[in-house]
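The structure appears below as structure tokens.
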Amino acid sequence: MAGWPRRHAPLTPVPESLGVYVHVPFCSAICHYCNFNRGLMDTALKAAYVDALVPHIPRDAEPVEVDTIYFGGGTPSLLDPHEIARVLEACHVAFRVAPDAEVTMEANPETVDVARLTGFRAAGVNRLSFGVQSFLDEELRRLGRLHGAARAREAIAEARTARFDNVSLDLMMWLPGQTVAQWLQSVEGLIQTAPDHASLYLLELYPNAPLQELMAREQWSQTPDDDAADMYEEAMARLAAAGLRQYEISNVARPGRESRHNLKYWHDTGWLAFGCGAHGSRDGRRWKHVADTRAYVERVQAGADPVAEARRLDPEAQLGEALFMGLRLAEGLSLEAYRVRFGQDVWTRYGAALAPAVDAGLLVRESGRIRLTPRGMLLANEVMQVFV
Ligand code: SF4
């Protein structure tokens, strides 16, 4: 099928250096579907938060090499450029930051202009990830987003003016009341802005989301599952035709513009985490910081540990998680690499459980690798149940 990854597409390099994730929990308004760790913008709390992050990063760090830094949120672009610069300086104090490190900041279109973007670029950010979600104003209103489609286009153009040559966009699919044709209008809107990378997410409706109530009141429904499958397949085909190759279930990129930070999640290599609610992972250890922003600030100010939960995975659980993440990649995973890393033959361990997925055309085993087929990507959760 046109648009799907070729069998022998070049493999993405497995990252060796660590990543750093920095959480920024502030938002100008709360979107109707949002279930992230965030709260409304509070200027005084924002200042205290940055004042807490700056000493926390070197305090908990080890002198390791870091080649990706990712500001996620929330809305990191609500920080001012000098605040982003302070946090990045703290990273340079704490780690050996690679000269070519990928430094990403998530941004909402309504929070930026050329001056702010130029400031972020000067501070050391070299990749932007815009939360666009849709190129249709009505859909954006339904989601409770503060920007319209025109502002999204302007923000992307402003990013180019500010000399960002690595720009990603997020789009959300399967929105309330969205038809296949409307979704494809957004996909075409994305292609017209010529991003370097894009992430396509399926809207997840968590219980009690305000959007659930709105949908009931306004009688908006989501299209049937079969239409959602068409939306996904047609979007991937159009994006591939526009030079954006699918490299992960939800992600496409121009060659060389795959998200180096997110590849650490999918390759299950390590990353450190800072900020409230941030999760870290290293050598089988997983930890999570206290979610509440004020509690995080108070703990760091008091010299206390902001970690709320930590656990060490046993080897079996580590293998299961690594397989769960690795199979998300279009190239799949190398059985030999997993044998070297975990001392287990994946096919011996899971082959019998995976055989029905192979028979159903959802999974392929070839040339020492296993990978999901395009149909398998649509049903990935079913295939990957065997690793849980
Ligand atoms: S901008 Fe992002 S983090 Fe903030 S409320 Fe909206 S979806 Fe949630």
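All ligand and atom numbering here is 1-based and tracks the order in the structure. Starting from 1, each residue takes its place in the sequence as its number.
Taking a 6.0 Å sphere around CZ of Arg59, one finds it holds more than 12 heavy atoms contributed by other residues, nucleotides or ligands. Counting heavy atoms of neighbouring residues, nucleotides and ligands inside a 6.0 Å radius, atom CD of Glu213 does not exceed 12 of them.
The nearest heavy-atom contact from the protein to atom 1 (S) of ligand 1 is Asn108 ND2, 3.2 Å. Protein heavy atom at the shortest distance from atom 2 (Fe) of ligand 1 is Arg145 NH1, 4.1 Å.
The shortest separation from a heavy atom of Ala29 to ligand 1 is under 4.0 Å, placing the residue in contact.
At a threshold of 4.5 Å between non-hydrogen side-chain atoms, the residues Cys276 and Pro25 count as touching.
Note on ring orientation: taking the six-membered ring where Trp is involved, the planes of His56 and His289 are tilted (angle from 30° to 60°).
Using modelled atom types and a 3.5 Å distance limit, the side chains of Glu139 and Gln178 yield a donor-acceptor pair. Looking at Arg328 and Asn251, their side chains never bring a donor and an acceptor atom within 3.5 Å of each other.
Protein contacts to atom 8 (Fe) of ligand 1 involving N, O or S atoms at a distance below 2.8 Å are Cys34 SG.
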Before you tell me yes or no, could you show the steps for Tyr247 and His197 under ring pair (Phe, Tyr, Trp, His ring centres under 6.0 Å), namely the whole-Å CA-CA distance, both residues' side-chain angles and the distance that decides it to 0.1 Å?
CA-CA 10 Å; Tyr247 69 102; His197 182 282; 5.6 Å; yes
